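What you are looking at is a predicted structure, and each value in this text was computed from that prediction instead of being measured. Just so you know, ligand 1 is whichever comes first in the structure, and atom 1 is the first atom listed for that ligand.
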Amino acid sequence: MVILALFWLALLLRSRPAGRVTQLLALGLCAIAFSWSMDFMDEFIHMPSTLIWHNWLESMPIPLALVLLSFGIYHWHQEEIAISAQMVKRERYFREHRLFDKLIPIGGAAYLKKQLKLSLNESKKQQQPLALIAIDLDDFNVINRLYGVEEGDHILQLVCQLLLLNLRDEDLICRLAGDRFIVLLHNTNEADAKQLSLDLQNAVASFAYRTKAHHQRVYLSATCAITMAKTDDSDSLIKRLNLQLSQDKQRVVAAS
Ligand SMILES: Nc1nc2c(ncn2[C@@H]2O[C@H](COP(=O)(O)OP(=O)(O)OP(=O)(O)O)[C@@H](O)[C@H]2O)c(=O)[nH]1
C-alpha cells in the first residue's frame, strides 16, 4: 500500500508542472503514504495504547490527506477550465491563420474581406469614419524579370515589414494580391488617411535593397489611393478603391 502511494506520487511529480495544484496533490499523497506506513509499522512495533501522540499520528493524516486532495482536485478542475478557454482562443487563431498570406505573414484577400465587413458594421454602429488605403508597387514585374522571382519574393516581404513599421497599432494591413496591399484605418478622417498614405509612399521611396545574386541596388516606388467608407458594402468598397488606384496610376504615368 505504501509503495502504491509512493508510485502515485512519483507519477504525479513526473507528469505535472510545479505549482499550487501539484503541491496540494503531492502533500495529500504524502499524508496517505505516511498514514499507511504507520499502519504497516504497527504490524512489527507495538506501541502502548496510552501514547496519545501515536494515536493522533495514525488517525489524523487520512482526513488531512482527503482535505488536501479535495483542494488539489478543485484547483486542478479550475486549471483545466482555464486551459480549455486558452485552447479555444488558440484554435480560433489557427483557423484565422488559414486566411493568412503564404508568402507574407499578414492577412490575404479573404481575411481582408472578413475584417472589412466587421469594420464597416463597427464604424456604422459607432458612427466613426473608416478609411482605406491601397498601396501598389510600381513596375514590380521589372524586379521579377531582372532579378528573379525569389529576389522579388524577398523584396515583397521586406516592403510589407516596412509598411507595418509605418502604421499605427490599430491599423490593419492585408495583401490583396501580388504587389497590392490594403490598409484599414479605423476612426480616421480623410485628411489623416491622406497623410498616412503619403508617409507610406515616402517610406517605400526611401527603401533601398541590395540584391543577393548581383549585389545591385534596387529602388522602389509605390502608388497609393485612399477612399472613405460610405454606404457601400465591402466588395463594392474594394472595387471603388481599385478603380481609384488605377486612375491614380494612369495620372502618375501620364505625368512622368
Ligand atoms: N516575386 C513575386 N512576384 C509577384 C507575386 N505576386 C505577383 N507578383 C508579380 O507582380 C507583378 C505585378 O504586375 P502588375 O500587376 O502588372 O504590376 P506592376 O508590374 O507593378 O505594374 P504597375 O502596377 O502597373 O506599376 C507581376 O509581374 C507578378 O508576377 C509574388 O508573390 N512574388
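No side-chain donor-acceptor contact under 3.5 Å links S234 to the backbone of K113. Of the possible polar contacts, one joining the E151 side chain to the K212 backbone as a donor-acceptor pair under 3.5 Å is found.
A distance limit of 4.0 angstrom between heavy atoms and ligand 1 selects the residues L103, D136, L137, D138, D139, F140, N141, N144, V149, G152, D153, L156, R175, G178, D179, K249.
Taking a 6.0 Å sphere around NZ of K239, one finds it holds 12 or fewer heavy atoms contributed by other residues, nucleotides or ligands.
Applying the ring pair (Phe, Tyr, Trp, His ring centres under 6.0 Å) rule to F7 yields no partners; only residues at least two apart in sequence or on another chain are considered. Shown here are the ring pair (Phe, Tyr, Trp, His ring centres under 6.0 Å) partners of Y209, two or more places apart in sequence or in another chain: H154.
Applying the salt bridge (charged side-chain N to carboxylate O under 4.0 Å, His left out) test to every pair with at least one member in residues 73-87, sequence neighbours left out, gives these pairs: R16-E79.
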